[in-house]
Amino acid sequence: MHPQYTAPPVLSAHYYLDNFHSIINIVATRYDDLLTKTEQEWLLTFSSLSLDAKLLTVRLLSRKGCWFRRDKLHYDEINDIDTAIHELVNQSFVFVTRTPSFVVAAELMTKPELLEHFSAIPLKASAKKSDIISTISQSVTEEGIPPLATDCLCMPHDVLPIFLLLYFGNSRQDLSQFVLSDLGIYRFERVSLLNEDRLFNSRDQIEDWLFFSTLNDNYWQYTEIKDSSAAIALIDSLPKRPTWTPLARKWDKLANRLARDAERASDFAIATRLFTQSCLPPARERLARIAIKQEDFHSAIQAVNAMIEYPINEDEKDVAQRIGRQLAKKVPLSTLPFSVSRAPAAQFATNTLPLAFEGRVENAAARTYESDGWKVWFCENAVLNGLFGLMFWDIIFAPIKGAFLNPFQRSPRDMYSPDFATSRLALINERISEFQQGSFSIMDVYDEKEGITNDWVNWALVDKPLIEAVCSTLTGDQIIACMKRILFDTKSNRSGHPDLFMIKDGGCQFVEIKGPGDKLQPHQIRWLNFLNAHDIQSTVLYIESLT
């Protein structure tokens, strides 16, 4: 389990400045040839600033948004904020005004301030701030807004997204990553970082990445507010599929989401066009299903045949057979270029239990097993994934070229691609051999690495007694079989594991819990069949509610 940490109330600007220096030093070293003249001049100007101006710059860059009120800026470690602001204005790092646009002013002001500042307009004090802003906006023009009582600073975040992207190699992480690490909330494995290992090799790649990130952010914003029409409209902004592999994967993911939304809106032409270009599942599955809806069985057969002959992962192979069985009911078998297999028979037992419960049904089921003498862990995918992360820990964090771009990675960049296993095959085979011979201990790794971040080990769920229980009740061959199955498809096979793991009298079992109305998913069935095929008892318990 994670130890408990107490964060200091405020982190100093010196702290943020040190971390920002780390970022720009790496960026300047790795990517000097890809930085624009503006970015290079920004770095040069920043290096020449006084300490106070540097501290204020990093403070403002670390805050949300680019507009700030002068009367809200209070930093004890900055000796003279006004002088620092004046210096930043002279260097064009910020500009100052007391008459920002109404949208900006309204965002910066509190509700009482809005009521006082626009007292000439009839406003309801009990109304929500958003409603007050709406009323004001209908009553005033930009020219009619009285100046604010305090200066407003604007520091455009033009360069920060570039620097963060080049340092982290993604658009998700930011300066807060340093805070989470330094406070001990996250502890990261030490990895080898090489200056020559860089993600981007052209300026176009950088610009395209930022564009796709913005497009993706817009998509999720529209999805969150359930504005499907605005989300679908983003299709008009989607450029051609890039040829650069990392960016092509980003394109595929967004294109699949947009195409699925178009399909739900019955715009099959657009959905088909996007799914046809995408190289990631479930593109071919959706093409087949759209074709069946339109009774275009020839196109559906082509899509299914492609999935059967060259499946990208286990999910796609499985779904191809399911759709193939549907097609066999609609067209003559002689027209199918592939053989249709029966649905795999269940190799696991199922039981039904009437039970009164509140909250999660898995917890109620666990208590029932505990009353029968079982030691139970509700751990879902965590136990087998935890074993995987512990067994291959040093291999996951091995210094493979291009695998690590920053010190805050939970796994290598190729963790969920076939390249992970193929590029480390010799190391993996050696580890399996060591484990079989008894010269490698999973528990030793647990003791050494406990609490360090690893994408495969959920320390909140995987406690030491659980790992000891698994290692003592499963044979070495059974553990290796599970690890090889995960290695075969790290992305798909990290999920679908049974909910509960339990031990009693030297034996163990996995149990998948299904509440009322819930049913097994294909990837869960595959895991249940696999575990039982390797003599690892795994069952399904269906709960019938008594309430």
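Note that the structure is predicted; figures quoted are calculated from it, not measured. Scope of the values below: all heavy atoms of this structure, side chains included, with no hydrogens, waters or symmetry mates.
- Geometric assessment of K253 against the ring of W251 yields a negative cation-pi assignment under the 6.0 Å and 45° thresholds.
- Checked against a 6.0 Å centroid threshold, the rings of W527 and F530 count as neighbours.
- No salt bridge links D372 with K504; every basic N to acidic carboxylate O contact stays at or beyond 4.0 Å.
- Separating the CD1 atom in I479 from the CZ atom in F388 is a distance of 14.0 Å, to the nearest 0.5 Å.
- Heavy atoms of other residues, nucleotides or ligands lying less than 6.0 angstrom from NZ of K129 number more than 12.
- The pair R241-D252 meets the salt-bridge criterion, with a side-chain N (NZ, NE, NH1 or NH2) lying under 4.0 Å from an Asp/Glu carboxylate O.
- Between R424 and D419 no salt bridge is recorded (no basic side-chain N to carboxylate O distance below 4.0 Å).
- At a cut-off of 3.5 Å, with distance as the only test, a side-chain donor of Y416 or D455 sits close to an acceptor on the other residue.
- Cation-pi geometry between R413 and F404 is not satisfied (NZ or CZ under 6.0 Å from the ring centre, within 45° of the ring normal).
- The CD atom of Q302 sits 14.5 Å away from atom CZ of F297, with the distance rounded to the nearest 0.5 Å.
- A salt bridge does not link E314 with K317: none of the charged nitrogens is closer than 4.0 Å to a carboxylate oxygen.
- Of the charged side-chain nitrogens involved, at least one lies within less than 4.0 Å of a carboxylate oxygen, so that R260 and E263 count as a salt-bridged pair.
- Salt-bridge check for E189 with K449: passed, with a basic side-chain N closer than 4.0 Å to an acidic carboxylate O.
- A donor atom on one side chain and an acceptor atom on the other are found under 3.5 Å apart for Q524 and K514.
- A perpendicular orientation is assigned to the rings of F408 and F188, their planes being inclined by more than 60° (bins at 30° and 60°).
- A salt bridge does not link D261 to R257: none of the charged side-chain nitrogens sits closer than 4.0 Å to a carboxylate oxygen.
- Around atom NZ of K293, more than 12 heavy atoms belonging to other residues, nucleotides or ligands sit under 6.0 Å away.
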